[in-house]
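Have a look at the structure below, then the notes.
Every chain is numbered from 1, with letters handed out A, B, ... down the list of sequences. These numbers come from a predicted model, not from an experiment.
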There are 2 protein chains.
Amino acid sequence: MRRDSRLSGVLHVLLHMANHAGPVTSETLAKAMSTNPVVIRRVMAGLRDQGYVRAEKGHGGGWTLACEPAALTLLDVYTALGEPTLLALGNRTESPGCVVEQAVNAALGRSFAQAEALLRASFADVTLAALAADVRRRTRRAGGKPGMAHA
Amino acid sequence: MRRDSRLSGVLHVLLHMANHAGPVTSETLAKAMSTNPVVIRRVMAGLRDQGYVRAEKGHGGGWTLACEPAALTLLDVYTALGEPTLLALGNRTESPGCVVEQAVNAALGRSFAQAEALLRASFADVTLAALAADVRRRTRRAGGKPGMAHA
DNA sequence: GTTCATGCAATATATGATGTTACATGAACG
DNA sequence: CGTTCATGTAACATCATATATTGCATGAAC
């Protein structure tokens with residue numbers, strides 16, 4: 001099944017913004033992600049509505065981080081994205097009349113709920129600041145420069 | 001994202017077979033699942049190749065369970081299906097040149113690996129016999145008959 | 001008022017699960 | 001035998017959704 005990479009993409013964008021002083025335009029971010037500026041605006045809309053980032057128009061405009069990186073968790077970002085489906089597996093139908101269906105749904109549902117809870121807990125444990133620190137560590141190790149070293 | 005319901009569907013089919021003495025045809029199973037016989041054969045192919053079920057042609061043919069329900073776990077079934085993707089989220093690209101990408105992939109990868117491991121462990125803990133027992137319990141509680149009480 | 005940037009709707013594309021048709025193979029029954 | 005029933009499989013249609021793209025409106029800075 002096709003996998004949703006919006007969370008990954010948004011984190012990538014946020015880290016670039018954290019590494020950058022002034023506002024960054026959708027176009028710049030899009031080039032760094034080799035995608036389209038509209039896609040950037042689309043996935044950032046939720047974060048903007050939550051107040052995590054700010055978008056300004058006109059000359060010198062672009063995206064700015066509007067919160068403490070240490071206070072923003074992956075769970076916040078995931079929630080701002082609209083909490084897209086986490087699991088690729090699901091129950092066939094919700095036909096409450098069939099006891100077989102009920103038993104299958106109950107068993108799978110327990111497993112699915114556990115996995116979702118674990119994922120959310122994992123997300124809540126990681127802050128943007130921690131990710132940024134990891135980026136700095138990797139940059140030092142590679143001896144490169146911090147900016148957007150994209151192909 | 002659209003969710004893969006093949007595991008749910010196959011379990012449904014296996015439970016119907018466990019409740020039924022003789023062979024069951026794809027057509028009968030398809031009606032019970034309100035789908036197409038070809039879909040049944042497709043998702044059952046892996047289980048047949050693993051020897052978990054048997055398929056016989058001609059008059060009186062159909063599908064038969066070929067293993068102990070207590071020995072068949074959901075993990076076995078999942079594996080026989082070809083281990084379809086468990087998580088709906090994924091990493092954007094595998095561009096090893098970008099340290100930001102590496103950091104994001106590492107963080108998300110840890111969460112994803114944990115969740116997948118938990119799911120597999122959950123699956124390994126449930127046997128077809130346990131599911132069948134749950135079906136019987138639910139049937140008793142509802143006062144209905146065990147067969148394929150589908151709409 | 002021209003340029004730059006976001007906001008957003010509308011549309012196109014790609015992928016993968018699901019549904020369907022068609023035909024071949026082989027077993028059981030007359 | 002041949003007929004019927006069932007699976008096996010390829011080929012194609014359908015549908016949902018993430019992703020890509022175009023177009024135009026809005027508003028800020030020069």
Side-chain angles (χ1 to χ4, degrees), chain A residues 1-10 12-13 17 20 22-50 53-64 66 78 81-93, chain B residues 1-10 12-13 17 20 22-50 53-64 66 78 81-93:
Chain A
M1 171 169 300
R2 190 153 195 197
R3 277 152 112 171
D4 185 342
S5 61
R6 278 175 293 184
L7 179 58
S8 167
V10 168
H12 200 146
V13 162
M17 288 167 54
H20 204 268
V24 190
T25 68
S26 302
E27 177 143 8
T28 301
L29 293 168
K31 267 182 204 139
M33 308 274 307
S34 55
T35 182
N36 197 290
V38 178
V39 175
I40 301 290
R41 293 186 193 116
R42 197 146 53 201
V43 295
M44 297 288 284
L47 290 166
R48 180 199 57 213
D49 294 346
Q50 293 297 318
V53 297
R54 200 170 16 240
E56 279 160 308
K57 299 178 179 177
H59 284 87
W63 298 92
T64 329
Y78 169 72
L81 278 178
E83 311 198 10
T85 311
L86 288 172
L87 299 183
L89 266 44
N91 291 337
R92 186 166 180 83
T93 56
Chain B
M1 169 167 303
R2 191 147 190 208
R3 279 154 110 171
D4 185 342
S5 63
R6 279 176 293 184
L7 179 58
S8 167
V10 168
H12 200 145
V13 163
M17 286 167 55
H20 204 266
V24 191
T25 69
S26 302
E27 177 142 10
T28 301
L29 293 169
K31 266 183 204 138
M33 308 274 308
S34 56
T35 181
N36 197 292
V38 178
V39 175
I40 301 290
R41 294 187 192 114
R42 198 149 52 201
V43 296
M44 296 288 282
L47 290 167
R48 181 198 56 213
D49 294 347
Q50 292 297 317
V53 297
R54 202 172 11 241
E56 278 162 308
K57 299 177 177 177
H59 283 90
W63 298 91
T64 330
Y78 168 72
L81 278 178
E83 310 197 11
T85 309
L86 288 171
L87 299 182
L89 267 44
N91 292 337
R92 186 167 179 82
T93 57

(request) Indicate yes or no for a side-chain donor-acceptor contact from A:Ser26 to the backbone of A:Ile40 under 3.5 Å, with no hydrogens or angles considered. (result)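 No, because the side chain of A:Ser26 does not come within donor-acceptor range (under 3.5 Å) of the backbone of A:Ile40.
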(message) Determine whether a donor-acceptor pair (N or O, by modelled atom type, separation under 3.5 Å) exists between the side chain of B:Thr25 and the backbone of B:Thr28.
(response)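 Present.
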(request) At under 4.0 Å between heavy atoms, which parts of nucleotides 22-30 of chain D does protein reach? Answer with one letter per nucleotide, 5' to 3': B base, S sugar-phosphate only, - none. (result) B---BBBB-
Take the protein atom [atom1] of [X] and the nucleotide atom [atom2] of [N], then report the distance between them rounded to whole Å.
X       : N      : atom1 : atom2 : result
A:Asp4  : C:dT15 : CG    : C1'   : 13 Å
B:Leu47 : D:dT7  : CG    : P     : 15 Å
A:Arg92 : C:dG19 : CZ    : C1'   : 10 Å
B:Leu7  : C:dG16 : CG    : P     : 19 Å
A:Leu81 : D:dT17 : CG    : C1'   : 15 Å
A:Met44 : C:dC8  : CE    : P     : 14 Å
A:Asp49 : C:dG7  : CG    : P     : 9 Å
B:Ile40 : D:dT9  : CD1   : P     : 16 Å

(request) Enter the distance from A:Leu81:CG to B:Leu89:CG here, rounded to the nearest 0.5 Å. (result)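 A:Leu81 atom CG to B:Leu89 atom CG measures 8.5 Å (nearest 0.5 Å).
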(message) Nearest 0.5 angstrom please: A:Asn36 CG to A:Glu27 CD, how far?
(response)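 That separation rounds to 9.0 Å.
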(message) Using the side-chain heavy atoms of A:Arg42, tell me which of these nucleotides is nearest: C:dT20, D:dT7, D:dA20.
(response)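 For A:Arg42, the side-chain atoms sit closest to D:dA20.
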(message) Given C:dT20, D:dA18, C:dG7, identify the nucleotide with an atom nearest to the side chain of B:Val39.
(response)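 My answer, after comparing the listed nucleotides, is C:dT20.
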Can you see if the side chain of [X] gets near the phosphate of [N] - specifically, an N or O under 4.0 Å from OP1 or OP2?
X       : N      : value
A:Ser5  : D:dT19 : yes
B:Arg3  : C:dT18 : no
B:Thr25 : D:dA6  : no
B:Arg6  : C:dG16 : no
A:Arg48 : C:dG7  : yes

(message) Which is more 5' along DNA chain D, the nucleotide nearest A:Pro84 or the one nearest A:Pro37? Just name the residue.
(response)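 Residue closer to the 5' terminus by nearest nucleotide: A:Pro84.
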(request) On DNA chain C, check which nucleotide each of A:Ala45 and A:Gly61 is closest to and give me the residue with the more 5' one. (result)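 Per heavy-atom nearest nucleotide, the more 5' residue is A:Gly61.
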(message) Is it the case that atom CZ in A:Arg54 sees more than 12 heavy atoms from other parts of the structure closer than 6.0 Å?
(response)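 Open: at most 12 neighbouring heavy atoms sit under 6.0 Å from CZ of A:Arg54.
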(request) State, with a plain yes or no, whether a side-chain heavy atom of A:Arg41 is found less than 4.5 Å away from one of A:Pro37. (result)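 The answer is yes, as the side chains (C-beta and beyond) meet within the 4.5 Å cut-off.
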(message) Which residue in the set B:Val10, B:Val13, B:Thr35 passes side chain to side chain contact (heavy atoms under 4.5 Å, CB included) when paired with B:Val43?
(response)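 With B:Val43 as partner, side chain to side chain contact (heavy atoms under 4.5 Å, CB included) holds for just one option, B:Val10.
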(request) Could you please name the partner base of D:dC30, counting Watson-Crick and G-U wobble pairs only when both distances are under 3.5 Å? (result)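 When the pairing criteria are applied, C:dG1 turns out to be the nucleotide that pairs with D:dC30.
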(message) Which residues pass the salt bridge (charged side-chain N to carboxylate O under 4.0 Å, His left out) test with B:Glu83, not counting sequence neighbours?
(response)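 Result, salt bridge (charged side-chain N to carboxylate O under 4.0 Å, His left out) vs B:Glu83: B:Arg120.
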